[in-house]
Amino acid sequence: MGKSFFKTRVILFLTALLLCSMAGLSNAEDELNCVLCHKHRGLSRIDENGNLRLFYINEHMFEEGPHFRVKCIDCHQDIAKIPHDPAKKVDCTTECHLTEPSGQKNFSHKSVAEQLNKSVHGKFDTEGKEKKNVQDFPGCKDCHEEPLYRPLSFFKGKAGGISQRGISRCKTCHRTGKFAESFYKHVTSRLQKTRQPVEMVQVCDRCHSDKDLQQRHNLDDVVNTYKETFHYKAIKFGSDETPDCLDCHVVKGESVHFIEGRNSPTAANNNKNVATTCRTSECHDKASENLAGYRVHVTYDKDKYPFLHYMMMFFTGLMAAVMYFFLVLIILELLRRLFPNFSFTKSPDDGHH
Amino acid sequence: MLPNQLKKLMGKLYAIALIVFAVWYGYFIYPIIFSHAEHHGLDVVTAKAGASVEEKMLQKVMSEQKSTATTDLGYTVVKEQYVKGHFHHVGMTMEKDETSVCARCHGSVPHSKAKPIRAFLNMHAFFIGCETCHIKAKPDQAPWSFRWYDKITGKILTSNPKGLVETEKEMHGNYGAKIGPGTLASDGSFNFLNGERERAFVIDYLKNKDALNSTDQSKMKKVIHRLVDEKPLLCDNCHTSSQKPYIPFDELGYPQRRIQQITSTEVVGMLQKYRDFYFPRFVMPGQTRADQPAPNAEQQADASKAR
């Protein structure tokens with residue numbers, strides 16, 4: 001009796017200990033305890049091409065995005081043991097264990113990949129053949145770091161973050177786990193842009209400002225020319241209402257991954273559609289057709305746009321001539337005030353006569 | 001001073017001030033007028049036409065030196081180191097080691113040869129000075145003492161580095177400090193093996209090395225590396241539960257909880273698994289795991305030599 005009671009107490013104690021240690025685990029799913037190694041900031045190496053391969057996972061940041069409920073092995077599916085062999089590149093189109101609530105199917109980014117493949121950024125042409133310089137076309141990671149929630153509070157005025165008063169109402173019914181917080185953050189993040197416009201421009205900038213890439217694909221320097229526009233100036237000063245690249249290059253209602261080339265008749269920036277794009281309800285809804293009659297990305301490439309190039313040269317010269325002519329005039333006038341009797345021609349004795 | 005003279009002086013000062021302003025204004029408007037004709041500061045570097053792979057790489061690396069990524073989440077702004085192709089957020093900026101003598105040539109990610117463990121070795125290099133593993137005390141020397149040094153100033157830390165105890169979870173080895181070995185003088189003062197004097201010497205050498213011929217450069221390299229051991233410290237010299245760890249974690253301010261992690265089953269067991277899993281193939285490439293006996297300490301040392 002005594003021994004049995006002791007055994008029961010030991011089992012209970014060990015069970016309690018196990019539960020306590022489990023309670024201390026991170027919210028993120030980490031069955032294999034991957035963070036034992038990957039929590040170290042310096043876990044890295046330089047690969048054969050000279051690129052830094054960083055294997056560090058910031059748990060705190062990981063928990064701030066929609067992937068926090070996904071297990072490591074849902075994406076890194078080739079890792080089934082620790083220690084592991086070098087991991088394969090993650091395929092974002094694979095299905096993870098999460099169930100997509102509207103269709104009750106396993107979640108996958110396959111539909112996004114399909115949209116991307118149809119777009120101008122897709123790696124294959126309409127006949128299914130690989131495009132020239134295919135390595136330049138973006139994959140998921142070229143535009144996306146791990147997404148982070150940008151929750152919004154509407155409770156009393158719009159502000160960033162979770163409204164504790166607001167979410168307390170959700171928690172009246174949805175008490176289990178972190179469901180309420182997760183749902184709140186997910187939905188309110190999706191009610192706005194997931195990136196600030198200035199960050200969005202930086203994403204496009206990574207590839208589109210690469211001169212080599214521009215040459216390989218005969219592209220204009222679109223990001224830097226955009227940066228000269230009023231739109232970007234407003235963004236630079238912190239506006240999140242002014243259009244960034246996606247606002248003008250994605251047809252309203254379409255997936256942001258479906259950007260078409262200008263020559264496509266359905267493209268948002270096709271000459272026939274530009275006016276419609278500018279006149280969306282969030283932008284210039286009452287503007288006339290002529291609003292879109294100007295060239296947004298003015299590129300002064302001498303070979304591609306000689307007229308614009310020489311026009312720019314003329315106005316630059318005119319501006320410089322006018323500004324520096326008057327500046328020199330002002331400086332000479334001021335020098336005369338300083339040295340009223342100075343002359344290059346007058347001899348020193350002239351003044352005595 | 002007479003009012004007339006004062007008036008003249010004021011007029012001249014006024015003229016001088018305006019001339020200065022006009023000259024500055026001419027300088028100020030230059031980029032505004034001519035900016036359209038120039039290339040704008042590109043965030044993505046582009047090498048000159050016909051540049052080699054190496055030249056392009058150098059330009060890219062130089063351009064990315066201080067690149068950071070900023071993410072505005074509305075309620076907070078995350079500023080972090082930008083690592084191209086790294087999907088997961090870093091959430092912090094890296095604290096560079098400005099004082100390490102070794103890192104001046106070998107960099108802060110120096111390990112690359114031992115494929116199975118190079119990332120782990122680099123992880124340790126983040127908060128442990130190279131000398132710790134690569135310079136051991138000779139039999140006739142007293143064992144080294146260890147101290148934390150500030151990565152920027154090189155000075156000994158008088159208290160535990162930020163993040164070692166209180167916010168350890170957030171820092172993950174990015175303490176802004178490293179452990180370095182040294183000796184204790186008779187007056188009790190501590191001297192790092194590579195201290196200010198050695199650092200100044202290496203800086204001086206690097207500054208003047210182009211003036212030396214290649215033979216003399218080799219001589220100097222030999223001298224600089226004279227203390228470096230052929231066989232570095234092994235993992236289980238520190239990650240051990242059966243003997244006193246080589247690095248005195250408790251003296252360096254590690255909390256007991258952390259010491260237990262480092263020296264108990266979690267890490268030691270992992271190491272054992274890692275060794276069983278990788279070392280046979282690594283030590284004797286070409287053989288299958290089943291063919292090989294379990295590695296002994298000597299084999300480990302040989303493997304480490306390849307680092």
Side-chain angles (χ1 to χ4, degrees), chain A residues 36-37 39-46 50-62 64-65 82-83 90 141 144-146 148-152 159-162 195-196 199 202 205-207 209-212 224 227-228 300 312-313 316 319-320 323-324 327 330-331 334-335 337-338, chain B residues 11-12 15-16 18-19 22-23 25-26 29 33-37 39-40 42-44 46-47 57 61 69-76 78 83-92 94 109 111-112 118-120 122-127 169-174 266-267 270 273-274 277-278:
Chain A
L36 172 67
C37 301
K39 70 182 175 189
H40 290 284
R41 170 60 188 80
L43 195 70
S44 57
R45 69 177 173 87
I46 307 295
N51 296 313
L52 174 67
R53 299 286 311 277
L54 183 61
F55 307 113
Y56 164 63
I57 303 291
N58 185 323
E59 285 178 274
H60 174 69
M61 300 289 292
F62 185 72
E64 291 301 315
I82 289 180
V90 169
K141 281 206 310 181
H144 292 278
E145 291 87 37
E146 187 168 17
L148 296 172
Y149 286 132
R150 297 183 67 215
L152 273 178
I162 295 176
R195 282 182 172 129
Q196 283 282 359
E199 292 164 23
Q202 283 167 2
D205 197 42
R206 288 177 200 165
C207 295
S209 288
D210 185 332
K211 288 284 173 203
D212 288 341
N224 285 304
K227 284 181 178 175
E228 291 175 350
Y300 305 108
M312 181 272 293
M313 295 287 279
T316 302
M319 176 79 86
M323 294 302 289
Y324 285 110
L327 268 181
I330 289 167
I331 290 170
L334 291 167
L335 284 173
R337 278 175 178 258
L338 278 178
Chain B
K12 286 192 187 301
I16 290 169
L18 275 184
I19 288 172
V23 171
Y25 191 72
I29 61 172
I33 293 173
F34 292 100
S35 65
H36 289 286
H39 292 291
H40 305 275
L42 300 182
D43 295 335
V44 179
T46 52
M57 190 70 197
V61 167
T70 306
T71 311
D72 186 351
L73 301 180
Y75 63 98
T76 186
V78 179
V83 182
K84 196 178 179 196
H86 187 63
F87 180 72
H88 297 285
H89 284 275
V90 180
M92 61 176 85
M94 194 180 80
V109 191
H111 302 97
S112 62
R118 56 191 170 183
F120 285 101
N122 289 327
M123 178 260 275
H124 285 84
F126 217 67
F127 55 90
K169 195 184 168 199
E170 303 289 326
M171 302 304 283
H172 313 294
N174 198 24
E266 190 174 27
V267 174
M270 161 83 177
K273 278 167 77 180
Y274 210 83
F277 192 76
Y278 278 117

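The model shown is predicted, which means the values in this text are computed figures rather than measured ones.
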A.B. asks: Any side-chain heavy-atom pair from F87(B) and V90(A) closer than 4.5 angstrom?
C.D. replies: no
A.B. asks: Does the side chain of L18(B) come within less than 4.5 Å of I330(A)'s, by heavy atoms?
C.D. replies: no
A.B. asks: With a 4.5 angstrom heavy-atom cut-off, could you sort out which part of F126(B) is near chain A: side chain, backbone, both or neither?
C.D. replies: side chain
A.B. asks: Got a second to check how far L73(B)'s CG is from L148(A)'s CG, nearest 0.5 Å?
C.D. replies: 5.5 Å
A.B. asks: Got a sec: does the NZ of K84(B) have more than 12 other heavy atoms crowding it under 6.0 Å?
C.D. replies: no
A.B. asks: Work out which heavy atom in S44(A) is nearest to a heavy atom in V109(B); give both atom names and the distance.
C.D. replies: OG-CG1, 3.9 Å
A.B. asks: For the residue pair E146(A) and H89(B), confirm or rule out a side-chain donor-acceptor distance under 3.5 Å.
C.D. replies: no
A.B. asks: Sequence neighbours excluded, which residues qualify as salt bridge (charged side-chain N to carboxylate O under 4.0 Å, His left out) partners of R118(B)?
C.D. replies: E48(A)
A.B. asks: Under a 4.5 Å heavy-atom cut-off, does chain A meet the side chain of V83(B), its backbone, both or neither?
C.D. replies: side chain
A.B. asks: So which of I331(A), I57(A), L334(A), L327(A) has the largest heavy-atom pair count under 4.5 angstrom toward chain B?
C.D. replies: L334(A)
A.B. asks: Relative to chain A, which segment of T71(B) carries a heavy atom at a distance below 4.5 Å: side chain, backbone, both, or neither?
C.D. replies: both
A.B. asks: Using a 4.5 Å cut-off on heavy atoms from C-beta on, say whether the side chain of N122(B) contacts that of I46(A).
C.D. replies: no
A.B. asks: How far does OH of Y56(A) sit from NE2 of H86(B), to the nearest 0.5 angstrom?
C.D. replies: 8.5 Å
A.B. asks: Would you say the side chain of M92(B) lies within less than 4.5 Å of the side chain of R41(A), judging by non-hydrogen atoms?
C.D. replies: yes
A.B. asks: Identify which of R337(A), E64(A), E199(A), M323(A) forms the greatest number of heavy-atom pairs closer than 4.5 Å to chain B.
C.D. replies: E199(A)
A.B. asks: Provide the closest heavy-atom pair for Y324(A) versus G26(B) in the form atom of the first, atom of the second, distance.
C.D. replies: OH-O, 2.6 Å
A.B. asks: Within the 4.5 Å heavy-atom criterion, are L338(A) and I16(B) side-chain neighbours or not?
C.D. replies: yes
A.B. asks: Would you compute the distance between atom CZ of R45(A) and atom CE of M123(B) and round it to the nearest 0.5 angstrom?
C.D. replies: 15.0 Å
A.B. asks: Is a side-chain N or O of Y75(B) found less than 3.5 angstrom from the main chain of I162(A), in a donor-acceptor match?
C.D. replies: no
A.B. asks: Counting heavy-atom pairs under 4.5 Å to chain A, which of N174(B), V90(B), V267(B) comes out on top?
C.D. replies: V90(B)
A.B. asks: Can you name the residues that form a side-chain hydrogen bond (donor to acceptor under 3.5 Å, both in side chains) with D72(B), not counting sequence neighbours?
C.D. replies: Q196(A)
A.B. asks: Is there side-chain contact between L43(A) and F120(B), with at least one heavy-atom pair below 4.5 Å?
C.D. replies: yes
A.B. asks: What part of L152(A) lies closer than 4.5 angstrom to a heavy atom of chain B: side chain, backbone, both or neither?
C.D. replies: neither
